[in-house]
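Notes follow once the structure below has been shown.
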Amino acid sequence: MDKQIFNFVVEAEFDGWRIDKWLAKMVPTVSRVKIQKMIKAGFVLDGNDEVIADVRLKISAGDSFTITIMPEEKNFVMKAQDIPLDILFEDEDLIVINKSAGMVCHQGAGCEDGTLVNALLYHTGGVLSSFGAEAGRAGIVHRLDKDTSGAMMACKTDRAHIEMYKQFANHSVEREYYALVWGIVNPVSGVIEKNIGRNPRNRQEMQVMVDGGKPAITNYETVEVFTGAKFKPISLIKCKLETGRTHQIRVHMASMGNPIIGDATYGNMQKHLVQIENKEVKSMLATVKRQMLHSRNIKFTHPITGEVLKFDAKIPDDMQMVIDFFRGL
């Protein structure tokens, strides 16, 4: 049997049910025991493609979920690969890294190796939490987009993973991002509260939604503005997330009319480049090959010791080069 993918929206009559009981009801050909196994293995995602790992999660009417039923013999086989990592912190329970741009966090369709998980397996000698292992996501509690760089953490033990999952679920983890965006954000600082959901015409993209979607809150502040007579102003901003929706900062900034420079999905790079007359500026920006978005730091409570930890990830060379260029004009 090939894998089966089911997409469901919770109807009112199932409000408050446990997710494992509800999914067993929705997919009667699959036992509840196997449903629980699929949940623990990371094969159930919510409407924002976030992994649901708690079989006892209480669902609400209107919630949407995707479950992938995998035959036992087709589970992902995770390979340890010797890929360099920038380690910010590590102990027996967790590891914090400065992820490089271009690295995918975990395995998925069309991506079988070269991921952060492959690198972590090699570095730790295979010591990662088991949650999501069968889905190629061992140790992964949260993610950064492939072309977003910066600080993120992973868990080496199941106990740490469960506790960190709770912290992300109750939004107690603090994350600050730096981004280069087109134009001057108006107002220069503020809070963006706009629901985000999947684009029904392209499931790979997210969009701001007036009706539906999931609540998403981004706090932003302008750090520096670069202006010139012959090029559109560019701003360096920092963002703090209160929620962690897929592509949240990218979608929110685009909705403000200030998309992130280099964002191939939401940024329309060519449209902005043709508006620039200064050849030197245009030439510099044409070298940008990914969204200029970086997870500058992450702060959380150690899941075992209770110590409050904060880690900073240096702005990477490609982004710093753009900043230095505009500062030098």
Side-chain angles (χ1 to χ4, degrees), residues 2-3 5 37-45 48-53 66 68-162 164-165 168 173 175 204 244 246-247 264-265 289-291 293-295 298 300 303 311 313-314 316-318:
D2 293 331
K3 70 178 180 181
I5 300 175
K37 185 175 181 180
M38 293 297 98
I39 293 171
K40 292 177 180 179
F43 284 104
V44 175
L45 309 178
N48 289 291
D49 276 357
E50 298 298 327
V51 175
I52 301 298
T66 298
T68 302
I69 306 296
M70 297 285 287
E72 299 295 335
E73 67 272 13
K74 289 192 176 182
N75 291 335
F76 280 101
V77 176
M78 296 183 297
K79 299 179 294 184
Q81 293 179 299
D82 187 4
I83 302 170
L85 289 172
D86 183 2
I87 307 295
L88 302 178
F89 173 84
E90 182 178 9
D91 66 9
E92 63 184 10
D93 298 297
L94 54 85
I95 184 168
V96 183
I97 58 107
N98 179 11
K99 187 186 84 70
S100 60
M103 175 178 277
V104 176
C105 283
H106 56 72
Q107 291 173 296
C111 183
E112 299 299 323
D113 54 21
T115 71
L116 175 60
V117 170
N118 295 119
L120 288 173
L121 284 169
Y122 183 90
H123 176 79
T124 66
V127 180
L128 289 177
S129 69
S130 65
F131 288 100
E134 294 177 60
R137 300 187 179 101
I140 300 297
V141 187
H142 71 120
R143 296 176 293 178
L144 294 178
D145 295 338
K146 174 184 177 182
D147 288 326
T148 297
S149 55
M152 67 171 289
M153 59 86 62
C155 291
K156 298 168 73 174
T157 66
D158 287 357
R159 182 184 173 193
H161 195 125
I162 292 169
M164 286 309 307
Y165 178 82
F168 277 98
V173 178
R175 289 165 288 170
Q204 301 302 312
T246 301
H247 300 176
T265 302
K289 302 303 180 185
R290 57 106 175 182
Q291 64 255 15
L293 178 61
H294 177 69
S295 174
I298 185 170
F300 57 91
F311 302 99
K314 177 185 174 183
D317 291 344
D318 62 341

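Heads up: numbering here begins at 1 and tracks the sequence.
Separating the OG atom in Ser130 from the CZ atom in Arg137 is a distance of 14.5 Å, to the nearest 0.5 Å. For the atom pair Arg175 CZ and Ser295 OG, the distance stands at 8.0 Å (nearest 0.5 Å). The structure places NE2 of His161 at 8.5 Å from OH of Tyr165, a figure rounded to the nearest 0.5 Å. The CD1 atom of Ile87 sits 4.0 Å away from the NE2 atom of His123 when rounded to the nearest 0.5 Å. Rounding to the nearest 0.5 Å places CG of Asn98 at 11.0 Å from CE of Met152. Rounding to the nearest 0.5 angstrom, the gap separating the CG atom in Leu116 from the CG atom in Leu121 is 9.5 Å.
The aromatic rings of Phe311 and Phe300 are tilted relative to each other, their planes meeting at an angle between 30° and 60°.
Gln81 and Gly114 make their closest contact through OE1-N, 2.7 Å (heavy atoms, listed as atom of the first residue, atom of the second, distance). Closest of all the heavy-atom pairs between Ala154 and Leu120 is CB-CD1, 3.8 Å. Among all heavy-atom pairs drawn from Leu144 and Ser149, the shortest one is CD1-O, 3.9 Å. Nearest approach of Ala313 to Ala151, heavy atoms of both residues: CB-N, 3.7 Å. Nearest heavy atom pair, residue Lys99 against residue Cys105, reads CD-SG, 4.0 Å.
At distances below 3.5 Å, at least one donor-acceptor pair connects side-chain atoms of Ser129 with backbone N or O atoms of Gly139.
When side chains are defined from C-beta on, Phe89 counts as touching Leu94, because their heavy atoms get closer than 4.5 Å. Between Val44 and Val51, every side-chain heavy-atom pair lies at or beyond the 4.5 Å cut-off. Using a 4.5 Å heavy-atom cutoff, the side chains of His142 and Val173 are not in contact.
Within the structure, the salt bridge (charged side-chain N to carboxylate O under 4.0 Å, His left out) test picks out the following pairs touching residues 83-92 (sequence neighbours left out): Glu90-Lys156.
Exactly one of Asp147, Asp145, Asp318 qualifies for a side chain to side chain donor-acceptor pair (under 3.5 Å) with Arg290. That residue is Asp318. The side chain to side chain donor-acceptor pair (under 3.5 Å) with Thr148 is formed by just one residue from the set Gln291, His294, His247; it is Gln291.
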**OP:** Evaluate side-chain contact (heavy atoms from CB on, under 4.5 Å) for Met38 paired with Thr68, printing each intermediate quantity in order.
**Re:** CA-CA 8 Å; Met38 293 297 98; Thr68 302; over 6 Å; no
**OP:** Applying side-chain contact (heavy atoms from CB on, under 4.5 Å), run through Met153 and Val141 and close with a yes or a no.
**Re:** CA-CA 8 Å; Met153 59 86 62; Val141 187; 4.3 Å; yes
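Within 6.0 Å of atom OH in Tyr122, 12 or fewer heavy atoms from other residues, nucleotides or ligands are found, so the atom counts as exposed in its surroundings.
Partners of Thr66 by side chain to side chain contact (heavy atoms under 4.5 Å, CB included), not counting sequence neighbours, listed by chain and number: Ile5, Asn7.
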